[in-house]
Amino acid sequence: MGRPAAPARNPEPMAFFAVFRTAFLLAVLSWRTCQSEVLPERLPLTPESLHISINSTLQHLHLQWTVHKLPYQELQMIFQIEISRFETSKVIWMGNYSTTVKRNQVLQWSWESELPLECATHFVRMKSTVDDARFPELSFSSNWSPWEEVHAHTPEQNTDLIFPRDKLVEEGSNVTFCYNSGINQNISCYLDRELIHGEQLYLNIFTFKLNNVPFIREGGTNIYCAVNYTIKDGTVLFVSKVLEEPKDFSCETQDFKTLSCSWDPGVDTGLFFDGQPSQHYTLFESFSGKKKFCEHNNQCNWEISRDLQETYNFTLTAENYLRKRSVNTIFNLTHRVHPKAPDSIHFNNVGATNATMTWKMPALGNYSTLLCQIELHDKENMRQEHNVSIKVNGEFLFSELMPDTAYMVCIRCANAKHVWKWSKWVTRTLITAEAAPSKALDVWRKVKPEKGLHHVTLFWKPLSKFHANGKILFYNIVAKDLDKKSELKLQSIPAPANGTELTLDQGSYQIQVTANNSVGASPASEIVISGDSGNEEVEEQKINGTKDGFLISWKPLSEDRAGYVVDWCEHQRNLHCELQWKNVGPNTTSTVISSDAFRPGIRYNFRIYELSTEKIAYLVENKIGYTQELAPSDSPQVKAINVTSHSFTLSWKDYDTEAQRGFIQGYRVCLKSKATQCHLDSVAELLPDNSTCCEHAINNPKQKIFLVENLQPESFYEFFVSSFTSAGKSPIGTFTKVTTQDEHSHMLMHIILPMVLCVLLIAVMCYWKSQWVKEKCYPDIPDPYKSSILSLIKSKESPHLRIMNVKDCTPDTIEVVNKSEGTKTQFIGIEKPLTESEFPKPANLYLLPAQDFCVPGPCISFVNHTYSESACDSGSCAHTPVPDTAPPCHLELLASPDNLLNTLEKTHTDSLGEIPAGKISLNYVSQLASPMSGDKDSLLIHSPVPVLCSEYKMQMAVPSCLDSPVLSENGSLSSMTLLGQDKHYH
Amino acid sequence: MPLLLVLHWKYGAGSPLPSVNATCATRHQCHSSVMSQIRNQLAQLNSSANALFILYYTAQGDPFPSNLDKLCAPNVTDFPAFHANGTEKAKLVELYRIIAYLGASLGNITQDQKLLNPNALSLHSKLSATADVMRGVLSNVHCRLCNKYHVAHVDVAYGPDTSGKDVFQKKKLGCQLLGKYKQVIGVVTQSF
């Protein structure tokens, strides 16, 4: 593969010398030819001074030689070249190189080797032949030049080397590696672990050929060779991607000062390290002959000359180590204008429906006319599109705009004569001014008459943005009394409100509602409340809804009407009704009410009103329905009443059918009993627990009572009542148990009841005569004459014993047998309050029964010697007068019982000890005796009171209560005033 | 200016320090724990040497990871010697030579790898970190030699210049050096 190295030139003819020289040369050559047969002498025109150099990177052999003694100034010659490898005899390439040779010219020619030149010694020789038609006499070949041997320089002295080193090739090309093993061994070479097929080229030289090499990575790929699986050497192969031709090459100007050329560079062919840098680009303009090296891989700027060159012819060249690629474009400058985006955009004189926009186009000056495209968008769509021609400054008037509306205004421009590219869109927001609302409000009302007044709730739907023309600030409500022709109410409700409440009397009122923004008010909505409003009653009619809504139809009330209104509550079960309404034209008697808020199982109530021409609403019809009926969610709460031996009655009076999820069509009474068969009026029903019941059907939803008959006496029954709608029954709940009565129970009642009444009567009688019976049977004071003692006396016949007659006694004196001066109970005179621990224990609670001391009434006890002599003998007799005002006993609050007990015991013991037995005599206290007075040590004894009760007691100690007199240490009566006197101990 | 201080080697640095007699002087006295610091730094190098080695040969691609004995054998002929049983002074001098050698080589390797494997960021980071620690070791050893042993001059040698070598040879030499480094740093660390 040879390359021409020098151009040829034509010689100047010199006729005379030429003829002479030709003749001379022929003679010489003839003589030389004759001599050459005898002597190996070189012929003229043999290439001489052959010098061979090596370019290892390109794998080129570069040949330089001369031809001496050129007979003419120049000759057209052919050089035949032979290249041998390893040995001169192993010619691997033969070829001709044809060129015009000048005198004294150094000729050059290159040959590219497929095999790396380091792999082998190369030999080169050549000979020449004149191939010049002008000199046919010179058409002979010269001798071969001597073989020239050439060795590539190897960087290492190591014999085990792979060549080439760091080879750079394009993706898809073929590469040959050689390995110089030194000796004939088992060589294997690999590319990324993949074995490469090799062959022995010469004694110790092996070659490995890679065909169509792929791009693997930017960092190159290791190729290594192993001898007997021992790696000896390696090299790196850099595979570059193929340099692509630049795409979409174009140039444009935005300001007539600079041309900006851009293109798509395609893949980057750069490799790491010294493999290959990324391709670079140059721009050449043929008319001006200027060239520019581009700094970027995808764009380049070109300065436009001041004379505004009209036509440009650009050649863009991409280049890397391996390849060059060029593209070309030719254009007129004015056809490559790409304006910058408009700026200085302003809106002036912005009104409710129009506005003026101004803008400027930068940089282009007055050089060209521009076409600007303007688009007006609202939130949804493009509303207007305009084209405007300008030079530098633009202005446009928008009209037919909507008040209080935000518009997006987009503008872009291009060269009007030749649209190359539009500028970028520039977007600005235009907000028009507000205007008064353009539509009356949709108003409806709910009237609730109460106590002679009308509670009117007004509702209105907010105006759409289209009709509001601005932000609604408030709503004005004016109520006019139509009877008195005067305005009564004026309310201003701030937005956002959708209703208000008015309280009117039962007259007729015209209510006007307007919506107001910052500019003005909307047309008024009128509605009239008549005196009868809210009192209308019409019968409810059931309607069937569907998923799509309710088809409602009605009959007109009158011929003269302004229209109809159908209202309903959106959320029927909630307290918050959210009243909805629909206006229907006067000639329409049906409509479909649909809403996303409708839910299955919810009862909706639709009221149809007819609006008169005076704006008075009359209730026409009232319809209820479900979009989809569901089975009831709960069952009635049933009570079993009137249970007899053969029947009982079920009642569920409070069951709310309106709250159910469908129209209640009736009830099912499910009765379980031991009987295996159901009665004729019922059917067997299988329950979820696989038991059965007899089901009685009630198909009247208003019936809320049911008599269960034909039952067995003293039998156990279970029942459950469920309701049902068109969608099914309510869920089965817990069964209620009932046991029928005994058949003879009523007879027993006939006997037992009178008996009970008799017993009660006797008991009442007894209670009523209890005092009489007591006195007769068990008197508190026995009559000795009636006592059995009399019989005993008589039986003993003791003459001395007789019954003492009260009248025989003189009971009105009390004899004080013994008295100890100055001795009192320790409680008297204690000034400070006693704490609980300081109080003595109330011994009386333990000495005597409490009821004896805490009697509610005054009681005077006395010792009857007739029966208590023995007791008196022991010296413990005393009397205990009880005041009539004795309070209930409070000892437990006053003192510790133990202390008091101890104290009293001690007192009692001391008194017993100190009082001589002989001085003690029997005392008798008459029931009629006056309490003693004047004794300062005695208790406060009140005036005599009638004796309400009396009994015999052995008066051994102490008072009945703490404030009762107690025995002093010396046995006399002492005052122990704890309560009711000066001191209270709580 | 103490010629001992070769703290900032550069890419391609291969010539030995000029042998000029100079007084041994440092700006500051060595810290009393300088030997401890040297030991810690050596331990740090020793602990990261294997990871660096693995990162390196992995980044070079096949056949390096599977032919470590052939391509990454620690056959570095001109590597400075180290005698673990020598005196502290002798060991410090040898350590100085080794670290100087390694530091220069590591600089070359780092430079090459940034061009050859620009995406192997963890390798670059590890190489730089190792070079940083080596600079610290060199500074401390210098301080110790100067202050305690008054050694003002140590002849150092650097590895062969690889700038003219082909890519595969650079990869191979780098791998061999890091293998040698891994081997030597273990011995050196043990001896201190």
Side-chain angles (χ1 to χ4, degrees), chain A residues 56-57 116 118 152-158 160-169 177-179 187-196 215-240 268 270-278, chain B residues 11-12 14 53-78 107-125 127 159-179:
Chain A
S56 292
T57 305
E118 293 88 346
H153 169 72
T154 53
E156 300 286 341
Q157 296 304 316
N158 193 347
D160 293 337
L161 286 174
I162 302 174
F163 292 102
R165 316 295 292 187
D166 300 345
K167 178 70 175 175
L168 170 66
V169 294
F177 286 87
C178 69
Y179 182 82
I187 307 294
S188 53
C189 293
Y190 302 87
L191 170 71
D192 261 5
R193 296 187 181 180
E194 196 170 314
L195 185 65
I196 311 169
F215 170 81
I216 299 176
R217 62 181 74 88
E218 287 87 351
T221 308
N222 295 329
I223 291 175
Y224 51 97
C225 294
V227 176
N228 297 326
Y229 305 105
T230 300
I231 289 182
K232 294 296 182 183
D233 193 18
T235 185
V236 175
L237 173 65
F238 289 97
V239 180
S240 161
D268 186 352
L271 299 171
F272 294 161
F273 201 59
D274 291 332
Q276 177 177 257
S278 296
Chain B
Y11 173 71
F53 182 54
I54 293 170
L55 271 175
Y56 181 87
Y57 68 67
T58 305
Q60 308 319 308
D62 195 66
F64 285 87
S66 53
N67 292 275
L68 295 178
D69 54 337
K70 302 294 184 304
L71 299 172
C72 302
N75 302 325
V76 185
T77 53
D78 55 352
N108 292 339
I109 291 171
T110 306
Q111 191 75 12
D112 289 343
Q113 289 302 311
K114 284 184 177 174
L115 294 170
L116 270 172
N117 293 300
N119 299 327
L121 299 179
S122 56
L123 173 63
H124 305 158
S125 169
L127 284 167
D161 180 15
T162 61
S163 59
K165 293 187 182 300
D166 64 79
V167 173
F168 193 86
Q169 289 299 321
K170 285 179 178 178
K171 289 180 176 181
K172 185 178 173 183
L173 289 172
C175 200
Q176 286 174 337
L177 184 104
L178 290 177

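By convention in this document, chain letters (A, B, ...) are assigned in the order of the sequence lines, proteins followed by strands, and residues within each chain are numbered from 1.
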*asked:* Tell me every residue that passes side chain to side chain donor-acceptor pair (under 3.5 Å) with B:N119, counting only those two or more places apart in sequence or in another chain.
replied: none
*Just jot down the side chain to side chain donor-acceptor pair (under 3.5 Å) partners of B:T110, sequence neighbours excluded, or say none.*
none
*Could you walk me through whether B:F53 and B:C175 pass the side-chain contact (heavy atoms from CB on, under 4.5 Å) check?*
CA-CA 7 Å; B:F53 182 54; B:C175 200; 4.0 Å; yes
Test your reading of the model: is there a side-chain donor-acceptor pair from [X] to the backbone of [Y], 3.5 Å cut-off?
X	Y	value
A:N222	B:Q60	yes
A:T235	A:F163	no
A:D166	B:D166	no

*Would you please go through residues 62-72 of chain B and name the residues with a non-hydrogen atom below 4.5 Å from one of chain A, in numerical order?*
B:D62, B:P63, B:F64, B:N67, B:K70, B:L71
*Which atoms of B:K171 come close to chain A, meaning under 4.5 Å heavy atom to heavy atom: side chain ones, backbone ones, both, or neither?*
side chain
*asked:* Can you tell me which portion of A:F238 sits under 4.5 Å from chain B's heavy atoms? Options are side chain, backbone, both or neither.
replied: side chain
*Find the one option among A:G234, A:A226, A:G220, A:G219 whose heavy-atom pairs under 4.5 Å with chain B are most numerous.*
A:G234
*What pairs with A:D192 under salt bridge (Lys or Arg N to Asp or Glu O under 4.0 Å), at least two apart in sequence or on another chain?*
A:R217
